[in-house]
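Report on the following structure.
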Amino acid sequence: MSTATELLTAIKDVGTDPARGGYSRHGFDTSELELREWFTAEAGKRGLEVEVDRNGNIWAWWGTPGPDALVTGSHLDSVPGGGAFDGPLGVVSSLAAVDVLQAKGFQPSRPLALMVFAEEEGGRFGVPCLGSRLLSGATPADVALNLKDNAGNTFADAVKAAGLDPSRIGKDSEALSRIGRFVELHVEQGRALIDLDAPVAVATSILAHGRWRFRFTGEGNHAGATPMGIRRDPMLPASQLILSARWAASSVDGARATVGRIVPTPGGTNVIASAVDVWLDARAPNDGRTRSVVERITAAATQAARDEGCELTVTEESYGDTVHFDASLRDELSEILGTVPALPTGAGHDAGILAAHVPTAMLFVRNPTGISHAPEEHAEPDDCEAGVEALAKVLEKLAAE
Ligand code: GLV
Ligand code: MN
Ligand code: MN
């Protein structure tokens, strides 16, 4: 029997990033594959039967796999330089909750599965929640297979190297139809539970959000030999985009817009770039507001590109409308757990993708730093145990129905 903290300690050295700090664990890279093996062994110790679906998501079954299963899980990958809890806390809590239930002699009356989703953060191939998007058909197979990582490897190359068959990637209605209800436990990614002085909450909704790639093309040239007046430098409209993201999101109620990644080609100190790729992450409480933020930013970037004699192409790489988690499942969780706060979140989750198909709920565990997607992300051992206890109670009740 292990606690969530003991299980997190067991994987604390996998995928550490000495350059950025924190962890860089990305879909099907060496560290994520090591974590997947670790999870498979932990599931085996608990007598769970492990299988990997066509899209690389791991399922660990307690009891015979079947339809209308109660499923819980999260992901093991991270953002570049991320924290130890976003994803892994949900996975280790699912294992620890099974320990709690097995120690009590509980036997589920319906199939129960723990899941690990592939490439949730999109830290390697750019599209978030790739495992659940492929499973549910939200991202078509041909789009996914052609995604490239920074080294130029395609998603097709990566899944092949991980022992999967690229020709079988894509919507998997049979696997999806086995999920009756889904519950994801996750570290909180804000400060609400600090302010409410509570260790655990249930989720209400997720902001509408997406990722857009802006590619500015100009003329590569010499930094010293090229007079200022004849330059076509794509870094200028790129910087205008970054500034306009702050301005546009600040002028729309509840919106957020971020540029966290910018890649100049070729990227030399003494080289005027020939092209610059900038990724915009934009979110707002509904589709209209999110689209309006992106339109304002695109208009500013288009004008700035024109002023500098550059070309601009904009590609929507992923998008998901606002998610409202199933109200009756949330009420059921609140009843099981007593009075717990209900919180909206600005972060995306596999639970948000699955919510379009099955009743879905989330549990959040307090994060005393209020910081996430950074090494400072944290959850105290007592709060992790409160999360495990809450998840175990939920699984016990829902798997007995
Ligand atoms: C994932 O954590 C996201 O919200 O981008
Ligand atoms: Mn995340
Ligand atoms: Mn996450």
Side-chain angles (χ1 to χ4, degrees), residues 20-22 79-83 86 121-123 126-128 188-192 195 205-218 231-265 267 272-273 275-323 343-349 352 367 369-377:
R20 298 181 177 103
V79 296
D86 176 353
E121 299 287 5
V127 174
E188 200 209 343
Q189 296 173 285
R191 306 187 55 83
D195 297 340
S205 60
I206 296 180
L207 295 178
H209 64 285
R211 298 179 180 187
W212 290 262
R213 176 187 188 144
F214 289 70
R215 184 171 180 83
F216 298 96
T217 313
R231 294 180 180 213
R232 293 195 296 119
D233 183 349
M235 199 59 92
L236 267 82
S239 27
Q240 186 57 50
L241 187 161
I242 296 167
L243 294 170
S244 65
R246 170 64 65 94
W247 153 79
S250 303
S251 61
V252 173
D253 195 25
R256 285 117 204 227
T258 307
V259 173
R261 185 172 167 217
I262 167 165
V263 178
T265 302
I272 299 166
V276 178
D277 288 294
V278 184
W279 282 264
L280 171 71
D281 177 311
R283 314 185 187 213
N286 61 39
D287 177 73
R289 284 191 230 171
T290 312
R291 298 282 177 198
S292 146
V293 168
V294 177
E295 274 161 27
R296 289 173 203 214
I297 295 169
T298 305
T302 304
Q303 184 59 49
R306 202 174 292 137
D307 292 348
E308 186 66 12
C310 293
E311 305 292 319
L312 169 62
T313 54
V314 185
T315 310
E316 181 176 296
E317 294 199 331
S318 64
Y319 184 73
D321 201 350
T322 316
V323 173
L343 304 177
T345 176
H349 300 284
N367 172 353
T369 66
I371 291 175
S372 186
H373 284 186
E376 291 74 18
E377 179 183 274

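All figures in this text were calculated on a predicted structure; none of them were measured in a lab.
No donor-acceptor pair closer than 3.5 Å links the side chain of Thr258 to the backbone N or O of Gly260. Of the possible donor and acceptor atoms, none in the side chain of Arg289 sits under 3.5 Å from a partner among the backbone N and O of Ala255. Side chain of Thr290 to backbone of His209: no donor-acceptor contact under 3.5 angstrom is found.
Gly21 approaches Pro375 most closely through the heavy-atom pair C-CG, 3.8 Å. Across every non-hydrogen atom of Pro128 and Ser318, the tightest pair is CD-OG, 3.4 Å. When all heavy atoms of Ala245 and Ala257 are compared, the pair lying nearest together is O-CB, 3.6 Å. Scanning both residues, Phe216 and Ala238, for their nearest heavy atoms gives CE1-CA, 3.6 Å. Nearest heavy-atom pair, Ala273 versus Val276, reported as atom, atom and distance to 0.1 Å: CB-CG2, 4.0 Å. Between Arg256 and Gly254 the shortest heavy-atom distance is NE-O, 3.9 Å.
Partners of Glu311 by side chain to side chain contact (heavy atoms under 4.5 Å, CB included), not counting sequence neighbours, listed by chain and number: Thr217. Residues forming a salt bridge (Lys or Arg N to Asp or Glu O under 4.0 Å) with Asp281 (at least two apart in sequence, or on another chain): Arg283.
Taken to the nearest 0.5 Å, the CG atom of Leu236 stands 12.5 Å off from the CG atom of Leu241. Note: Arg231 CZ to Ile272 CD1 = 3.5 Å, rounded to the nearest 0.5 Å. In this structure, Arg191 CZ and Ile371 CD1 are separated by 8.0 Å, a value rounded to the nearest 0.5 Å. Summarising the geometry, atom CG belonging to Asp321 is positioned 11.5 Å from atom CD1 belonging to Ile206; distances are rounded to the nearest 0.5 Å.
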Exercise for review: Show your working on side-chain contact (heavy atoms from CB on, under 4.5 Å) between Glu308 and Met235 and close with a plain yes or no.
Suggested key: CA-CA 10 Å; Glu308 186 66 12; Met235 199 59 92; over 6 Å; no
Practice item. Let me see the working for Val259 and Phe214 under side-chain contact (heavy atoms from CB on, under 4.5 Å), right down to the final yes or no. Key: CA-CA 11 Å; Val259 173; Phe214 289 70; over 6 Å; no
For a quick test of your reading: what N or O donor-acceptor pairs under 3.5 Å do the side chains of residues 291-300 make, sequence neighbours left out?
residue: Arg291; atom: NE; partner: Asp287; partner atom: OD1; Å: 3.4
residue: Arg291; atom: NH1; partner: Glu316; partner atom: OE1; Å: 2.7
residue: Ser292; atom: OG; partner: Arg296; partner atom: NE; Å: 3.4
residue: Arg296; atom: NH1; partner: Ser251; partner atom: OG; Å: 3.1
residue: Thr298; atom: OG1; partner: Val294; partner atom: O; Å: 2.6

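Between Glu317 and Arg211 there is no salt bridge, since no side-chain N of the basic residue sits under 4.0 Å from a carboxylate O of the acidic one.
Proximity of Glu377 to Asn367: side-chain heavy atoms (C-beta onward) are separated by under 4.5 Å at one or more points. Under the 4.5 Å side-chain criterion, counting only non-hydrogen atoms from C-beta, Glu121 is in contact with His373. Leu207 places a side-chain heavy atom less than 4.5 Å from the side chain of Pro285. Side-chain contact check for Thr315 versus Arg215: every heavy-atom pair is 4.5 Å or farther apart.
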